[in-house]
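Quick caveat, the model's predicted, so the values are computed rather than measured. Along the sequence shown, the residues carry numbers beginning at 1.
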Amino acid sequence: MSVKSTAAGGSPAKSRGRTTTRGTAAKRRAGEPGLVQLLTPEGERVEHPDYAIDLTPEELRGLYRDMVLTRRFDAEAITLQRQGELGLWASLLGQEAAQIGSGRATRPDDYVFPTYREHGVAWTRDVDPLNLLGMFRGVNHGGWDPNENNFQLYTIVIGSQTLHATGYAMGVAKDGADAAVIAYFGDGASSQGDVAEAFTFAAVYNAPVVFFCQNNQWAISEPTEKQSRVPIYQRAAGYGFPGVRVDGNDVLAVLAVTRAALEHARSGQGPMLVEAFTYRMGAHTTTDDPTRYRSDEEREEWASKDPIARLRTYLEREGLADEAFYAEIDTESDALAKRVREGVRNMPNPGTMAIFENVYADGSALVDEERAQFAEYLSSFETGDVETAGTGH
């Protein structure tokens, strides 16, 4: 399987009013010649000269199952936040193919550096969905051991994980390990200095890292054309490594492209940039109202490219799945939602004084003083329970 970057032209859209120009820009860019696609929005299988994939019926059904269960988990998390059980949630709705396809392309010994929205990637790395929710409930700082699944903790600081991934990849290269690293970031993060520095170091040191950009068209309320004068994947050329744009709503194309990119990195050819051209169907987070900055028409256009619907259409057309299969997935989805709902509500709250623990390895007089002051403050309440006071949600 060859890997190469195909130039895609097109100048940025002129700003004449955000909700009217965004649809035009999205239509133009989605049709650019550099887009790798293996499954059309209508569920038609097509070929690409540089990227091929041959999956068994079981593997295809597995990808469908992954996307459906990930979407159900995500929906349940949104509901929990609306009910006051989570402080915040960043939905992946619409980006299931980008995450499942790329996640399933990794090997167990590869290492993943996510942002805060890679719930689907976490699923492919066997991270329990409940572990993702502890941080958003405020009961821990990330509820899993990164080295257990080679899946780093979520990174809230925009773009910083690309530097972490690059440094880790440089270490992998020095160790001579047959592994690759993949770093996720969004179109908005592509404007961060950390990402530029990561690109520079990865290129100079020929680090085995894949930079996976989920271009979901919006950096909160800022459209992609305000982030870059050229398609994001073309930025790689300026740093001396290849880039490619893939249909981020096509799970087959994402899987094929990411596999090739990871193999490119593993084989000593250095970094590669993958831009998954997708769409954030929901809000940036549960504190956001996307109706203030984008049109219903734009959202409806992308709804017709839904990643789950197109794979289901293909499965049904080819006779690769029956109603019993879909019913089984629905039952499994309900069970997952119930487990997540009950698990979140039963998460133990940390002790109030735990905030002072593990700050300094050898202790600190200042922290000791602050601990004593806070304990005295808590004791002024009638409950007087230093370990539990103030831990309610």
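Taking the six-membered ring where tryptophan is involved, the planes of Phe374 and Tyr377 are essentially parallel, since the angle between them stays under 30° and well short of 60°. The aromatic rings of Phe212 and Tyr184 sit tilted, their planes meeting at an angle between 30° and 60°. Relative ring orientation between Tyr64 and Tyr326 is described as perpendicular, the plane-to-plane angle rising above 60° on a 0-90° scale split at 30° and 60°.
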Intermediate values then yes/no, side-chain contact (heavy atoms from CB on, under 4.5 Å), Val157 and Tyr116
CA-CA 9 Å; Val157 179; Tyr116 47 80; over 6 Å; no
Take Met347 and Leu130, measure what side-chain contact (heavy atoms from CB on, under 4.5 Å) needs, and give me the verdict at the end.
CA-CA 9 Å; Met347 282 183 177; Leu130 271 175; 4.1 Å; yes
Check against side-chain hydrogen bond (donor to acceptor under 3.5 Å, both in side chains), Glu298 and Tyr279
CA-CA 10 Å; Glu298 178 183 310; Tyr279 192 76; 2.7 Å; yes
Test side-chain hydrogen bond (donor to acceptor under 3.5 Å, both in side chains) on Thr56 and Glu58; report intermediate values, then the result.
CA-CA 5 Å; Thr56 66; Glu58 183 179 5; 5.1 Å; no
Candidate pair Gln95 and Asn216, rule side-chain hydrogen bond (donor to acceptor under 3.5 Å, both in side chains), full reasoning:
CA-CA 8 Å; Gln95 299 176 220; Asn216 64 17; 2.9 Å; yes
Can you list the steps and then say if Tyr314 with Leu60 is a side-chain contact (heavy atoms from CB on, under 4.5 Å)?
CA-CA 10 Å; Tyr314 176 72; Leu60 289 167; 4.0 Å; yes
Is there a salt bridge (Lys or Arg N to Asp or Glu O under 4.0 Å) between Asp368 and Arg371? Walk through the geometry before answering.
CA-CA 5 Å; Asp368 291 341; Arg371 180 190 293 109; 2.8 Å; yes
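Residue pairs that meet the salt bridge (Lys or Arg N to Asp or Glu O under 4.0 Å) test with at least one member in residues 97-116, sequence neighbours left out, are Asp66-Arg104, Arg107-Asp109, Arg107-Asp178, Asp110-Arg266. Among residue pairs with one or both ends in residues 316-327, those qualifying as salt bridge (Lys or Arg N to Asp or Glu O under 4.0 Å) are Glu44-Arg317, Arg312-Glu316; sequence neighbours excluded. Pairs of residues two or more places apart, or lying in two chains, that qualify as salt bridge (Lys or Arg N to Asp or Glu O under 4.0 Å) and include a residue from residues 341-360 are Glu76-Arg341, Glu85-Arg345. Residue pairs meeting the salt bridge (Lys or Arg N to Asp or Glu O under 4.0 Å) criterion with at least one partner in residues 145-165, sequence neighbours excluded, are absent. Listed by first and then second residue, the ring-ring contact (aromatic ring centres under 6.0 Å, His included) pairs involving residues 74-94 are Phe73-Trp89, Trp89-His119, Trp89-Phe136 (not counting sequence neighbours).
Residues that satisfy the side-chain hydrogen bond (donor to acceptor under 3.5 Å, both in side chains) test with Gln161, not counting sequence neighbours, are absent from this structure. The side-chain hydrogen bond (donor to acceptor under 3.5 Å, both in side chains) check on Trp144 picks up nothing, with sequence neighbours excluded. Partners of Thr79 according to the side-chain hydrogen bond (donor to acceptor under 3.5 Å, both in side chains) rule, which considers only residues two or more places apart in sequence or in another chain, do not exist here. Taking the side-chain hydrogen bond (donor to acceptor under 3.5 Å, both in side chains) definition, one finds that Thr278 meets it with Asn249, sequence neighbours left out. Residues satisfying the ring-ring contact (aromatic ring centres under 6.0 Å, His included) criterion with Tyr360, sequence neighbours excluded, are absent altogether.
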Acceptor/donor pairs from residues 192-202 side chains to any protein atom, 3.5 angstrom cut, sequence neighbours excluded:
{"from": "Thr200", "atom 1": "OG1", "to": "Ala196", "atom 2": "O", "distance (Å)": "3.1"}

Show every donor-acceptor pair shorter than 3.5 Å between a side-chain atom in residues 163-177 and any protein atom, with sequence neighbours excluded, or say none if there are none.
{"from": "Thr166", "atom 1": "OG1", "to": "Thr162", "atom 2": "O", "distance (Å)": "2.8"}

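The OG atom of Ser91 sits 11.5 Å away from the CD atom of Gln81 when rounded to the nearest 0.5 Å. Annotation: the span from Glu275 atom CD to Phe211 atom CZ amounts to 15.0 Å, rounded to 0.5 Å. Here the CD1-OG distance, from Ile232 to Ser191, works out to 7.5 Å after rounding to the nearest 0.5 Å. Here Arg65 contributes atom CZ and Ser333 contributes atom OG; the two are 9.0 Å apart, rounded to the nearest 0.5 Å. For the atom pair Phe113 CZ and Ile182 CD1, the distance stands at 11.5 Å (nearest 0.5 Å). Distance check: Leu92 CG to Thr70 OG1 gives 6.5 Å after rounding to the nearest 0.5 Å.
Counted within 6.0 Å of CZ on Phe356, heavy atoms from surrounding residues, nucleotides or ligands total more than 12; the atom is thus considered enclosed. Heavy-atom contacts from other residues, nucleotides or ligands closer than 6.0 Å to CD of Gln373 number more than 12. The environment of Ile156 atom CD1 is dense: over 12 non-hydrogen atoms of other residues, nucleotides or ligands sit within 6.0 angstrom.
With hydrogens and angles ignored, the 3.5 Å screen pairs no side-chain donor or acceptor of Thr285 with any backbone N or O of Ala90. Checked by atom type and distance alone, the side chain of Asp247 never pairs as donor or acceptor with a backbone atom of Val36 at under 3.5 Å. Looking at Glu118, its side chain does come within 3.5 Å of a backbone N or O of Thr115 through a donor-acceptor pair. At least one donor-acceptor pair under 3.5 Å links the side chain of Gln217 to the backbone N or O of Asn215. Side chain of Ser228 to backbone of Val230: a donor-acceptor contact under 3.5 angstrom is found. Distance alone, capped at 3.5 Å, places no donor-acceptor pair between the Thr258 side chain and the Leu255 backbone. Side-chain N or O atoms of Arg137 include one that pairs as donor or acceptor with a backbone N or O of Val344 at under 3.5 Å.
With a 4.5 Å cut-off on side-chain heavy atoms, His48 and Gln37 do not count as touching. Within the 4.5 Å cutoff, the side chain of Val112 has no heavy atoms near those of the Thr124 side chain. Annotation: side chain of Asn150 is in contact with side chain of Arg125 (closest heavy-atom distance under 4.5 Å). At a threshold of 4.5 Å between non-hydrogen side-chain atoms, the residues Arg280 and Asp288 count as touching. Two residues are said to be in side-chain contact when any heavy atoms from C-beta on lie closer than 4.5 Å; Thr313 and Arg310 fail this criterion. Side-chain contact between Val251 and Pro307 is absent, with no heavy atoms from C-beta onward closer than 4.5 Å. Contact of the Pro146 side chain with the Phe151 side chain is not registered, since no non-hydrogen atoms from C-beta on lie closer than 4.5 Å. No side-chain heavy atom of Pro290 sits under 4.5 Å from any side-chain heavy atom of His284.
Here Lys305 does not pair with Asp250 in a salt bridge; the nearest charged N to carboxylate O distance is not below 4.0 Å. A salt bridge between Asp74 and Arg71 is absent, with no side-chain N of the basic residue lying under 4.0 Å from a carboxylate O of the acidic one.
Under the side-chain contact (heavy atoms from CB on, under 4.5 Å) test applied with Leu311, the options Met67, Glu96, Arg61 reduce to a single match, Met67.
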